[in-house]
Amino acid sequence: MKPYSPILRERNSLSNYFFDIALYIVLRRNIEEVVAVCCSAYTNPEGAITDVLMRCYTGDSFKLLQLYMRAMTRATLLEGQIFIATDEDTFPGPIRSVALCFPPGKGLFVSEEQKALGYKDFESSITSETRAWWDMLNKETHDFMDGLKLSYLFMDGVWVSMMATDREFQNRGFGTAVIQDIKAYAAADNWAIGLMTHSESNRNWYASLDFKVAGVRNISAKPYETHFPCFAFAPYLPDSGL
């Protein structure tokens, strides 16, 4: 069916307000469905993590991948915006694609309230080696974005923290439907959209949606691979398409 993407955000009209409240309640009840979609995007049917970044994030642990995705989802429900696409014409239908975003002034795991929703449990469960990799990644990422003069997007733009599509439903337009809703959401308040990705296929997909690469840096992926490319995109301004 045609991808359908309701947006989780505040609206002004009474009817849309009640729609958003209903959507919010449904998503709270379906956190595990969102987690399952996110995990599916980065694993094979046997549950092995196939994405090098997620292997580094979790120490190659599917259990910790679930814990991390659950923490991200709950944190985004608290202070961010969740965008979804289903394969039915009315909501709720099976969720096929998900994006976790934060508006200006907010950020993933920035507040203690967010961290208390699962991130602290995740952080206490990873090994010291994985913790050291996270510290390296944070430094490399911020140095990279500082060099491109794009660090402001972390807190001053609409930041896309996670974009994931169920592996069985990729390349069918679900992710594109989600990105189009994010563009509409940002355009309503003239906000720029910021994001990064870590594979050439993802880079090409975002480029097809008019996002322009601002720079690339190789990040260590040891012990799983030597490195992976980190692509940063120039701020996307929905009204201008730049």
Side-chain angles (χ1 to χ4, degrees), residues 8 27-84 95-102 106-142 145 154-155 159-170 175 178 194-199 202 219-225 227-231:
L8 175 63
L27 282 177
R28 284 184 63 89
R29 291 176 179 172
N30 287 275
I31 286 176
E32 292 308 310
E33 186 179 1
V34 173
V35 171
V37 169
C38 292
C39 289
S40 173
Y42 300 110
T43 60
N44 64 23
E46 288 71 43
I49 302 174
T50 55
D51 181 86
V52 63
L53 177 61
M54 293 303 161
R55 296 181 75 191
C56 292
Y57 268 170
T58 64
D60 203 20
S61 166
F62 181 73
K63 181 178 179 181
L64 290 181
L65 178 66
Q66 290 177 308
L67 191 62
Y68 181 63
M69 294 302 182
R70 189 174 296 113
M72 287 188 70
T73 301
R74 296 177 70 191
T76 308
L77 276 173
L78 181 67
E79 295 186 345
Q81 311 288 350
I82 291 182
F83 297 79
I84 64 171
I95 297 172
R96 303 308 188 195
S97 190
V98 175
L100 309 180
C101 303
F102 285 85
K106 302 291 184 180
L108 180 64
F109 301 139
V110 170
S111 69
E112 290 301 313
E113 291 80 7
Q114 286 188 45
K115 291 179 181 179
L117 295 175
Y119 179 73
K120 290 183 178 180
D121 292 336
F122 169 79
E123 191 174 39
S124 67
S125 299
I126 60 177
T127 65
S128 58
E129 291 80 8
T130 300
R131 176 71 266 178
W133 183 87
W134 272 82
D135 292 340
M136 177 277 298
L137 176 68
N138 288 335
K139 182 180 185 305
E140 287 284 328
T141 299
H142 282 86
M145 293 293 277
F154 287 130
M155 293 297 290
W159 187 258
V160 182
S161 295
M162 172 66 65
M163 176 72 224
T165 301
D166 187 305
R167 64 175 171 271
E168 300 297 330
F169 294 88
Q170 294 177 1
V178 169
L195 59 87
M196 305 175 79
T197 194
H198 60 280
S199 74
N202 286 347
I219 304 293
S220 172
K222 295 180 179 179
Y224 309 107
E225 295 181 18
H227 66 270
F228 61 84
C230 178
F231 296 98

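A quick note: this is a predicted structure, and the numbers were derived from the prediction, not measured. Scope of the values below: all heavy atoms of this structure, side chains included, with no hydrogens, waters or symmetry mates.
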Colleague: At what distance, to the nearest 0.5 angstrom, does CZ of Phe122 lie from OG of Ser61?
Modeller: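 Reported to 0.5 Å precision, the distance equals 8.5 Å.
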
Colleague: I would like to know whether Thr141 and Phe154 meet side-chain contact (heavy atoms from CB on, under 4.5 Å); could you show each step before the answer?
Modeller: CA-CA 11 Å; Thr141 299; Phe154 287 130; 4.0 Å; yes

Colleague: Check Glu129 with Lys222, please: is the shortest side-chain N to carboxylate O separation under 4.0 Å?
Modeller: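 Salt bridge between Lys222 and Glu129, a charged N being under 4.0 Å from a carboxylate O: no.
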
Colleague: To the nearest 0.5 Å, what is the distance between CZ on Arg55 and CD on Glu225?
Modeller: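 Answer for the CZ-CD pair, Arg55 versus Glu225, is 7.0 Å.
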
Colleague: With side-chain contact (heavy atoms from CB on, under 4.5 Å) as the test, would you mind laying out the steps for Phe231 and Asn202 before giving the verdict?
Modeller: CA-CA 9 Å; Phe231 296 98; Asn202 286 347; over 6 Å; no

Colleague: Could you measure the distance from the CE atom of Met69 to the OH atom of Tyr57? Nearest 0.5 Å is fine.
Modeller: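 Result: 8.5 Å between the selected atoms.
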
Colleague: Specify the closest pair of heavy atoms between Val37 and Ala164, including all atoms of both residues, with the distance to one decimal.
Modeller: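 Taking Val37 first and Ala164 second, the nearest heavy atoms are CG1-O, 4.0 Å.
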
Colleague: Under a plain distance cut-off of 3.5 Å, with no hydrogens placed, do Thr130 and Thr127 share a side-chain donor-acceptor pair?
Modeller: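 Per modelled atom types, Thr127 and Thr130 side chains form a pair under 3.5 Å.
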
Colleague: I need the minimum non-hydrogen distance between Thr76 and Gln81, along with the two atoms involved.
Modeller: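 Minimum heavy-atom separation between Thr76 and Gln81: CG2-O, 3.4 Å.
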
Colleague: Please report the interatomic distance CG(Asp51) to SG(Cys39), rounded to the nearest 0.5 Å.
Modeller: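 So the gap between those two atoms works out to 11.5 Å.
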
Colleague: Working note: Ile82 + Leu100, criterion side-chain contact (heavy atoms from CB on, under 4.5 Å); need CA distance, chi angles, decisive distance, verdict.
Modeller: CA-CA 5 Å; Ile82 291 182; Leu100 309 180; 3.7 Å; yes

Colleague: Got a second to check how far Cys56's SG is from His198's NE2, nearest 0.5 Å?
Modeller: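 The SG atom of Cys56 sits 9.5 Å away from the NE2 atom of His198.
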
Colleague: By side chain to side chain contact (heavy atoms under 4.5 Å, CB included), which residues pair with Ala75, not counting sequence neighbours?
Modeller: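 For Ala75 the side chain to side chain contact (heavy atoms under 4.5 Å, CB included) partners, ignoring immediate neighbours, are Leu108, Phe109, Gln114.
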
Colleague: Quick one: are Ile126 and Trp134 in side-chain contact, heavy atoms under 4.5 Å?
Modeller: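 They are in side-chain contact.
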
Colleague: For residues Ile49 and Phe62, report the shortest heavy-atom separation together with the two atoms involved.
Modeller: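 Nearest pair, atom of Ile49 first, then Phe62: CD1-N, 4.0 Å.
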
Colleague: In chain order, what residues pass the side chain to side chain contact (heavy atoms under 4.5 Å, CB included) check against Gln170, with sequence neighbours excluded?
Modeller: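 With sequence neighbours excluded, Gln170 shows a side chain to side chain contact (heavy atoms under 4.5 Å, CB included) to Ala41, Thr165, Arg167, given in chain and number order.
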
Colleague: Grab the two heavy atoms, one from Ala221 and one from Trp133, that are nearest each other, plus how far apart they are.
Modeller: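 In terms of heavy atoms, the two residues are closest at CA-NE1, 4.4 Å.
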
Colleague: Roughly how far, to the nearest 0.5 Å, is the SG atom of Cys38 from the CD atom of Gln66?
Modeller: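 Spacing of CD (Gln66) from SG (Cys38) equals 11.5 Å.
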
Colleague: Got a donor-acceptor contact below 3.5 angstrom from the Ser40 side chain to the Ala36 backbone?
Modeller: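 Checked: no pair found.
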
Colleague: Can any side-chain N or O of Arg96 pair as donor or acceptor with the backbone N or O of Phe169 at less than 3.5 Å?
Modeller: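 Pair absent, no side-chain N/O of Arg96 close to backbone of Phe169.
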
Colleague: Using 4.0 Å as the upper bound for N to carboxylate O, is an ion pair formed by Asp135 and Arg131?
Modeller: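 Salt bridge flag = yes for Asp135 with Arg131.
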
Colleague: What's the shortest heavy-atom distance between Cys230 and Ile219, and which atoms?
Modeller: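 Taking Cys230 first and Ile219 second, the nearest heavy atoms are CB-CG1, 3.8 Å.
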
Colleague: Looking at every non-hydrogen atom in both residues, tell me the closest pair between Met72 and Ser161 and how far apart they are.
Modeller: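 It is CE-O, 4.0 Å.
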
Colleague: Show, in sequence, the C-alpha distance, side-chain angles and deciding distance for Glu113 and Leu78, and conclude whether the side-chain contact (heavy atoms from CB on, under 4.5 Å) test is met.
Modeller: CA-CA 8 Å; Glu113 291 80 7; Leu78 181 67; 3.7 Å; yes

Colleague: Indicate yes or no: does Lys115 engage Glu112 in a salt bridge with an N to O separation below 4.0 Å.
Modeller: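 Looking at Glu112 together with Lys115, the answer is yes, because their closest N to O distance falls below 4.0 Å.
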
Colleague: Do the side chains of Met54 and Tyr224 get nearer than 4.5 Å, heavy atoms only?
Modeller: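 Result no, sub-4.5 Å side-chain heavy-atom pair not found.
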
Colleague: Any donor and acceptor pair, going by atom type alone, linking the side chain of Asn30 with main-chain N or O of Glu33 inside 3.5 Å?
Modeller: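 Checking the backbone N and O of Glu33 against the side chain of Asn30, no donor-acceptor pair under 3.5 Å is found.
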
